[in-house]
Amino acid sequence: MTTPENPGARRLALAVEDTGEVRIGSPSAAPAGFATVPISGGTVYVDPAAADAPPAAVLADVDQAAAAIELLYGRPAAAAITDRADVSDIGVVPTDAAARITRLGILRWLRATSPLRLDDGLLVFETAVAVAGCADLLPVEDEPAPTLEDLGEVIVALARSLRGASNRPWVPGLTDLVEEALNGVMQGSSDGWLVDDARHEAELRQAMATWEVSVLDWDRWDELARSARPEAAVHAGPEDASRPRRNGDRLRGTGSVDWSRVPVGIVDPSEGTVTWVAGPARGDRLVIEVEVRGRSAESAHADLADVLASSDPAVAGLLRRLSTSRDEPRLMFHLYIPGFGLPVGAGTLRRADHDGSWRGAAEIPRAATAAGDVLVDVHSATIQPGPRRGASAVLAQGNRWATRGLALLRLSLGAAGVADDVRAPLERARQLFATVSAAPSDGTDQPDLGKRAAARCDALMAAYALRHGDSRGAERGRARLARAGSELPADDTLPPDLTSPRWMPTVAERALMPRGD
Amino acid sequence: MKSAKVVEGVYDDLLAGIDVGPRPRGGALQRSDIIRHIAMAVVARHWEPRNGPVPRRNDDISGASRSRLEGILAAHWDVLASLCTVGEKVSAAAINRLRECGVVITPAWLSERVAVRLAGAYRRRGRAPTSTEVDVMVAEVVKSVLRTAPRRFTAEQFRTEFGAAYDLEWNQLGQECLEGFRPSSVGLGDDARPRVAPRPGTKESRGGWHLGLGRSVYGRYRLFTIASARSRTAGPADTDCADHADHERQRDLAATGAWALGLEEVRRACSPYGLAVAEHGCVILAIGHALGFSEDGHGPARQSKPWHVWSAARCKPLAGRLGERAATSQPDDALVAAIRDYTDLWRASRAGRSLEHQYGPVSSHIDIALTAVSRKTWMELHRRERERVEPARRSHVARAVRLGFGVAIPELLQMHRGQLASGPLPASLPATECRPGTERLATVEVLLPHAAEVAAWRDAEREGDRSWAAHYREILATAAGPEDGYLTIDQLAGVLLTEWSDDT
């Protein structure tokens with residue numbers, strides 16, 4: 001909650017876990033999930049649905065983390081963690097470091113979660129800039145994503161392409177990003193040639209800005225810009241799983257992919273994309289054929305690598321290598337039935353060349369279909385089988401809808417035209433979370449989580465309505481929050497401040513927005 | 001009257017350009033170093049004694065004092081900017097000089113060294129350093145780095161110098177160690193001989209703990225010379241150990257020399273799990289026992305809660321015995337039980353529950369969990385061997401395990417989802433092979449009518465209780481198929497632990 005003496009300040013609890021870890025704030029009720037960012041000695045949890053709030057942190061090594069905590073939360077927090085004692089509220093002030101790490105967290109969240117078809121190259125590039133900007137907070141050796149040094153040649157090539165384009169950039173914010181990247185290369189790279197190139201580009205950019213010289217081939221950029229379009233509606237996925245049904249003798253049904261069980265970007269992120277059908281019986285066995293709707297590899301519009309390919313194919317190739325998966329992902333499925341914890345069948349999914357769908361088949365005991373339903377657990381071969389069921393599955397589905405809603409809400413902050421799409425997925429998420437919260441207590445924290453996540457959806461919708469001048473919507477949201485408020489932590493019922501700079505869409509997101517000219 | 005604020009915060013506001021003109025661009029200097037050292041030196045130099053002592057970094061400051069401080073900084077903004085410019089020059093020159101010495105370092109790692117010297121010079125003389133003074137400063141900075149960072153071979157030099165020694169050592173010891181202590185069984189990487197150095201013309205990703213034993217021998221040697229791979233703090237607070245000073249004694253790397261360090265790394269790469277100290281290998285083995293599933297399918301038994309007991313004896317040396325093979329080695333049972341216990345504690349913590357809400361139960365990601373904890377701990381133990389004379393003790397391992405759970409697992413889960421499969425990659429994760437098999441189908445068929453009992457078997461197996469096996473035998477005795485047509489008890493136990501999905 002905010003503090004009366006300083007509207008920007010927040011109070012967070014500090015707790016020592018049984019593991020010995022020290023926790024600042026709570027990472028638990030993020031309706032659209034959270035991103036983790038490792039810092040020296042711990043992990044920061046960024047909730048993208050509360051971008052303007054201070055992130056939570058869990059510290060495994062307090063001594064090592066102390067410097068980063070002071071930068072992130074201020075001196076009182078740093079002093080408190082060294083005492084290793086529970087404190088109900090520590091005042092934390094908004095800091096530049098918290099804004100920087102939130103930015104990085106949102107980029108990581110987009111990379112790992114967003115259902116939008118973001119430009120991988122742009123996202124990797126923007127993440128590298130954000131990582132360099134957090135050098136005083138991160139354990140440098142641990143950074144898995146490509147760094148500015150890895151991307152050095154890409155940055156110099158991009159700067160060369162964009163020279164003089166500062167007044168009409170292809171993607172809003174790209175020019176600033178390149179400038180920041182050049183500075184980062186100059187400061188952080190150990191490669192002398194690269195530093196010289198970056199310095200040269202930075203100087204040229206400075207000079208051209210001073211002399212107001214522009215030399216870019218605008219036709220090329222305009223062509224690329226025209227091909228960009230918001231794809232939110234395409235990937236929000238309106239369908240829900242339907243119940244199994246019989247078509248003649250053949251039992252069939254549909255289901256959804258649990259996003260947490262497959263790498264992002266290889267299957268269609270909509271709901272209801274898994275179909276299964278039972279083949280004819282062979283004695284005591286049945287064959288279940290499974291199909292998962294894929295996601296085509298081709299992007300709907302030109303991306304950063306395409307832009308660079310025309311002038312420097314080698315650099316474009318480098319960017320593609322750094323921003324896409326090296327290995328073909330391997331997917332499997334396991335089949336489960338109601339009332340039985342073990343899988344009744346399993347198979348490998350293979351990608352069909354013609355439409356990118358994933359297909360496979362598995363034999364199961366005929367008796368397993370007595371209940372008439374089959375749950376298909378689609379998962380990466382690198383994780384164990386075992387789908388979420390019951391309340392956990394509903395929470396996961398709510399999380400997917402909230403993610404879709406949040407992805408659209410973020411786009412709406414930069415461009416008009418997607419406003420109508422935002423409420424529906426958030427409302428769907430709220431309903432799903434509310435279902436879990438209304439269920440009788442089962443000894444887990446799921447009902448509580450459902451209640452809190454539902455309130456957070458209401459808070460997002462209220463903030464969105466407020467932002468777009470929809471007073472009735474804002475009032476409705478506030479009324480719901482007031483009803484839920486007394487039982488919930490204050491932060492859960494606080495509509496986020498969408499005007500905060502921390503809510504500004506990333507450059508990768510802005511690339512999806514319609515241009516305003 | 002201006003409200004109270006900590007001195008450092010006032011500097012921070014000013015440097016953000018809130019109250020005064022353009023912010024001096026630090027370039028190579030980090031903002032925190034500009035504040036803590038250079039800006040404070042400027043204020044100290046111009047602070048009038050009649051106004052009391054110079055405000056210290058953590059003092060609360062308000063009213064006239066705050067105005068004075070802001071006034072000094074505003075009046076000497078150009079001085080601050082010029083000192084930052086000099087700092088950038090010093091940093092660039094030192095980096096070049098160090099590169100000539102074979103030490104590669106980034107400006108961020110020199111920032112504080114440069115800022116401290118600039119601040120000291122300004123406090124003494126009240127002006128920016130002359131070019132001669134800058135040269136002296138560069139020499140001092142270079143010397144201070146070389147004191148802790150040895151010169152280093154390039155990848156090609158390393159291959160030339162150590163290729164033959166590595167072949168010899170590998171044939172004598174390394175191959176046998178690889179077969180006896182399979183990295184894949186403890187999540188450290190593939191069961192393959194590490195490259196001596198990256199292929200000519202290719203660049204090995206820096207990476208961190210993610211690489212595990214996928215790092216070349218040269219890559220491991222290189223950790224000696226990478227500033228970011230060194231300990232940033234003195235280590236856990238175990239100064240109350242009676243022999244703390246001896247135990248934490250640092251190795252004199254500069255005196256050891258690059259050639260000896262290269263040879264040391266070759267030998268280490270040919271040791272069990274790529275670690276030279278037997279106790280350290282035992283720690284990795286214990287992690288494998290605690291989080292992995294042994295080949296007979298038997299999972300970790302649940303015992304009482306021993307993590308706190310084990311980790312509380314912080315000064316105690318590590319235990320366990322490393323035999324010729326993992327199978328004949330004996331990890332410290334107390335550590336195995338402690339790590340299993342820690343797994344439960346971590347899952348019950350707020351962060352663990354949040355991660356499970358987001359990614360599903362950790363049992364679904366057991367390979368990721370094993371990989372994360374094992375590789376993060378390996379990195380900490382390897383660092384220990386590089387930097388200290390004595391082996392790690394319980395306090396260090398407890399810290400490494402906490403980092404493994406608290407930092408590495410969330411990171412690897414996110415990487416897995418986000419397909420961060422480029423740049424410094426995690427070495428390949430083990431993949432589950434799909435082997436449905438006729439025995440599994442037959443077993444499912446006979447167990448379907450016993451769903452409730454099977455759920456109870458699963459709970460018992462999680463607690464290390466195999467009494468369910470008798471019931472399973474009874475069911476099989478009445479089944480129609482051949483005796484060997486069903487999963488064995490061990491195989492079924494493995495399936496119960498790794499593929500179960502609660503229907504709630």
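Side-chain atoms are counted along with the backbone in the values below, which use heavy atoms only and exclude waters and symmetry mates. A quick note: this is a predicted structure, and the numbers were derived from the prediction, not measured. Here is how names work: the chains are called A, B, and so on, in the same order as the sequence lines, proteins then strands, and each is numbered from 1.
Scanning for side-chain contact (heavy atoms from CB on, under 4.5 Å) contacts around B:E445 gives A:D284, A:R285, A:P365, with sequence neighbours left out. For B:A398, the side-chain contact (heavy atoms from CB on, under 4.5 Å) partners are B:W307, B:W310, B:S311, B:R402, not counting sequence neighbours.
Here A:S260 is the residue among A:S260, A:S114, A:A396 with the most heavy-atom pairs under 4.5 Å with chain B. When B:L413, B:V401, B:V444 are compared by the number of non-hydrogen pairs under 4.5 Å with chain A, B:V444 comes out ahead. If you tally non-hydrogen atom pairs under 4.5 Å between each of B:G352, B:A452, B:A451, B:A455 and chain A, the highest count goes to B:A451.
Of the possible polar contacts, one joining the B:R417 side chain to the A:A112 backbone as a donor-acceptor pair under 3.5 Å is found. A donor-acceptor contact shorter than 3.5 Å links the side chain of A:T43 to the backbone of B:G406. Listed for the A:T19 side chain is no donor-acceptor partner under 3.5 Å among the backbone atoms of B:L345. A donor-acceptor contact shorter than 3.5 Å links the side chain of A:R388 to the backbone of B:H357. A donor-acceptor pair under 3.5 Å is absent between the side-chain atoms of B:E499 and the main chain of A:P343, judged by distance alone. At distances below 3.5 Å, not a single donor-acceptor pair connects side-chain atoms of B:H416 with backbone N or O atoms of A:S380.
At least one side-chain heavy atom of A:R108 sits less than 4.5 Å from a side-chain heavy atom of B:Q414. B:Y359 has its side chain out of reach of A:R261: every pair of non-hydrogen atoms, C-beta onward, lies at least 4.5 Å apart. Taking the side chain as every heavy atom from C-beta outward, A:Y45 and B:P410 approach each other to under 4.5 Å. When side chains are defined from C-beta on, A:D18 does not count as touching B:Y342, because their heavy atoms never get closer than 4.5 Å. Residues A:I383 and B:D367 are not in side-chain contact: their nearest non-hydrogen atoms beyond the backbone lie 4.5 Å or more apart.
Residue A:D445 comes nearest to B:R353 through the heavy atom pair OD2-NH1, 2.8 Å, listed as atom of the first residue, atom of the second, then distance. A pairwise comparison of heavy atoms in B:V407 and A:P38 identifies CG1-CB, 3.8 Å as the closest pair.
In this structure, chain B has no heavy atom under 4.5 Å from any part of A:A362. Contacts of B:L492 with chain A are made by side-chain atoms alone, with heavy-atom separations under 4.5 Å and no backbone atom involved. Within the 4.5 angstrom heavy-atom criterion, atoms from both the backbone and the side chain of B:L447 approach chain A. When heavy atoms are compared at a cutoff of 4.5 Å, B:A351 approaches chain A by way of both its backbone and its side chain. A:A368 touches chain B through backbone and side chain together, each having a heavy atom under 4.5 Å away. Looking at A:A367, the atoms closer than 4.5 Å to chain B (heavy atoms on both sides) sit in the backbone and in the side chain alike. Contacts between A:V62 and chain B at a heavy-atom distance below 4.5 Å are absent for every atom of the residue. When heavy atoms are compared at a cutoff of 4.5 Å, A:V344 approaches chain B by way of both its backbone and its side chain.
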side-chain contact (heavy atoms from CB on, under 4.5 Å) between B:F405 and A:V58, worked out: CA-CA 11 Å; B:F405 278 85; A:V58 180; over 6 Å; no
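Of the inter-residue distances, the one linking A:R366 atom CZ with B:L448 atom CG reads 14.0 Å to the nearest 0.5 angstrom. With rounding to the nearest 0.5 Å, the separation of OG in B:S501 from CD in A:Q384 is 13.0 Å. Here B:R350 contributes atom CZ and A:E21 contributes atom CD; the two are 13.0 Å apart, rounded to the nearest 0.5 Å.
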